[in-house]
Amino acid sequence: MSTRGIETDEQQRIRFQVELEFVQCFANPNYLHFLAQRGYFKDPAFVNYIKYLQYWKEPAYAKYLKYPMCLHFLDLLQYEHFRKEIVNGQCARFIDDQQILHWQHYTRKRVKLLQSQAEKHMMTIQNEPTPQKSV
Amino acid sequence: MTSHKSTREVLLTCIDEIEIIAKELLDNLIAQKQQKPVSAEHSQLVELVLQKDTDLKATLKLAEEQGVLQQKVVALETEVERHDIEIRNLQKQLKEAEQLLATAIFQAKQKLQAIAKANSRPVNSEELIKFAHRISASNAVCAPLNWQQGDLRRPYPTDIEMRLGFLGRLGEMNVNGHISFPELLHRPNHSMQQGSSVPNSQAGTYSWLSQNDLQMPGLSVSHLGVGGGMDHKTPKKENEDVDVMSTDSSSSSSSDSQ
């Protein structure tokens with residue numbers, strides 16, 4: 001490791017930030033489509049770089065991520081088939097739609113839960129007066 | 001005893017024989033009036049009757065004893081039946097217990113496996129909470145509760161955010177010459193305060209990083225990997241990309257079919 005050119009602390013920091021931002025950009029399927037259209041995925045050096053970026057999956061690095069979905073796309077990008085498919089605009093749109101739907105999954109679940117709770121509460125309130133009347 | 005006739009048959013045959021002998025005797029007595037008395041036969045028949053009578057009495061006694069024994073047999077049989085039922089009950093209970101224990105053991109094994117798995121990669125709870133806060137506070141993994149179609153917020157960094165990020169401005173800065181790191185740190189706060197019209201700029205450029213993270217505690221330098229040569233290439237490429245990003249087609253409407 002010491003044979004490499006010495007990177008100053010500052011350069012390391014910059015590289016960390018740059019790579020952090022770049023890897024999280026992968027969470028945006030439109031950006032991936034953009035990169036694919038400009039032929040970056042055909043460049044072997046770029047493919048190697050994507051392979052190298054997998055270090056972000058380790059917990060020590062992953063804890064800095066704000067958009068953890070990017071790691072999934074990072075995995076997908078390791079496959080040539082995906083890199084070829086994402087050139088297709090329809091593919092990118094489909095992924096985007098599915099991503100947004102998935103994003104709403106918890107919200108929807110919570111809303112449904114709250115609704116069912118509210119319904120139950122209404123039922124109990126309605127059922128309460130009747131026993132008193134019969135007595 | 002099996003070769004003998006049953007006691008009932010013995011009794012019945014005995015009674016039949018006595019009946020026959022009695023008939024013979026009476027016939028003889030009747031015949032005696034008309035013919036010469038045959039006393040030898042007569043006495044023989046009488047003796048025969050007496051003998052049959054004793055036989056009958058003995059068989060009756062035998063039958064009585066057999067009856068008593070039969071009752072004992074019936075009592076024992078009911079005992080046996082009762083014991084059988086008890087044993088079957090116990091068997092059922094044992095089987096149930098075995099099943100319960102088997103399930104309990106299985107679940108305990110699973111728990112042990114989970115514990116071992118957790119222990120193999122321990123995570124500091126505080127870090128976990130920090131991470132959880134980071135990814136949820138900005139609606140990165142869960143949509144905001146009032147999100148509607150047409151809302152620009154997305155689960156990924158949008159092109160505007162990308163341009164405002166460190167990467168985006170690195171391109172601009174490189175053109176102007178080398179900019180020192182602390183300047184970049186202070187600049188975004190300045191630009192944010194000037195009120196950008198970006199809807200999701202609440203956390204500013206450093207929505208992706210917090211100031212504390214930039215200390216990089218104990219990260220190894222050893223990530224000079226395969227892409228070592230790329231490090232010089234990619235920042236420039238990113239700048240090109242980020243500048244040209246305005247042409248990308250972003251899908252605005254997501255079909256939210258419920």
Side-chain angles (χ1 to χ4, degrees), chain A residues 1 4-5 7 9-10 12-22 24-31 33-35 37-38 40 45-46 48-53 55 59-70 73 89 92-93 96-97 99-108 110-111, chain B residues 121 123 127-128 130-131 134-135 138-145 147 154-159 162 165-168 170 180-181 184 207-209 213-214 216 218-219 221-231 233-235 237-238 241 244-245 247-251 253-258:
Chain A
M1 296 298 164
R4 302 219 110 254
E7 232 183 9
D9 265 352
E10 196 170 303
Q12 275 183 35
R13 282 206 202 101
I14 293 177
R15 189 163 68 81
F16 176 78
Q17 198 172 358
V18 160
E19 287 181 1
L20 176 62
E21 288 195 4
F22 186 59
Q24 285 183 111
C25 287
F26 287 164
N28 187 343
N30 302 310
Y31 184 59
H33 178 58
F34 170 85
L35 289 176
Q37 277 184 332
R38 276 149 188 81
Y40 284 107
F46 194 81
N48 277 337
Y49 184 60
I50 298 176
K51 196 165 147 187
Y52 152 76
L53 279 178
Y55 73 86
Y61 291 96
K63 65 182 185 185
Y64 295 107
L65 293 174
K66 188 179 159 199
Y67 297 101
M69 279 198 217
C70 67
F73 286 103
R93 268 193 295 275
D96 190 35
D97 282 349
Q99 210 178 347
I100 290 175
L101 285 171
H102 174 77
W103 187 47
Q104 296 171 324
H105 172 70
Y106 283 119
T107 315
R108 243 179 278 141
R110 211 175 290 163
V111 165
Chain B
R121 297 184 67 165
V123 177
E127 278 182 20
L128 202 59
K130 263 193 233 167
F131 183 65
R134 181 180 314 210
I135 58 179
S138 53
N139 292 314
V141 287
C142 179
L145 290 169
W147 195 89
R154 287 286 183 273
Y156 43 74
T158 53
D159 55 338
M162 282 197 236
F166 187 76
L167 212 48
L170 203 59
S180 69
F181 192 60
L184 280 169
S207 55
W208 293 351
L209 315 165
D213 299 341
L214 298 173
M216 266 181 51
L219 281 176
V221 187
S222 54
H223 272 295
L224 306 170
V226 180
M230 281 300 300
D231 289 355
K233 244 182 168 179
T234 38
K237 269 199 184 152
E238 270 64 282
D241 299 344
V244 185
M245 261 291 265
T247 58
D248 78 316
S249 53
S250 53
S251 64
S253 61
S254 61
S255 50
D256 190 6
S257 56
Q258 283 192 355

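Within every chain, numbering begins at 1; the chains are lettered A, B, ... in the order of the sequence lines, protein sequences first and strands thereafter.
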### Query
Looking at B:Phe131 and A:Leu65, what are the two nearest heavy atoms and their distance?
CE1-O, 3.4 Å
### Query
So do the side chains of A:Tyr31 and B:Pro157 get within less than 4.5 Å of each other, counting heavy atoms only?
no
#### Entry: Verdict with reasoning, B:Tyr156 to A:Gln24, per side-chain contact (heavy atoms from CB on, under 4.5 Å)
CA-CA 8 Å; B:Tyr156 43 74; A:Gln24 285 183 111; over 6 Å; no
#### Entry: B:Ile135 side chain reached by A:Tyr67 side chain, heavy atoms, under 4.5 Å
no
### Query
Can you name the closest pair of heavy atoms from B:Pro155 and A:Ile100 and give their distance?
CD-CG1, 4.1 Å
#### Entry: Any donor-acceptor N/O pair, A:Gln104 side chain to B:Ala143 backbone, under 3.5 Å
no
### Task
Would you please name every residue forming a side chain to side chain contact (heavy atoms under 4.5 Å, CB included) with B:Pro144, sequence neighbours left out?
A:Trp103, B:Asn139, B:Asn146, B:Trp147, B:Arg153
### Query
Which one, A:Pro68, A:Cys70, A:Pro59, leads in non-hydrogen pairs under 4.5 Å with chain B?
A:Pro68
### Query
About how many Å separate CE of B:Met162 and CG of A:Asn28, when rounded to the nearest 0.5 Å?
4.0 Å
### Task
Could you grab the distance from atom SG of B:Cys142 to atom NE2 of A:His105, nearest 0.5 Å is fine?
9.5 Å
### Message
Using side-chain heavy atoms (C-beta onward) and a distance below 4.5 Å, is B:Phe166 in contact with A:Leu20?
### Response
no
### Message
With rounding to the nearest 0.5 angstrom, report the CG to NZ distance, B:Leu128 to A:Lys63.
### Response
11.5 Å
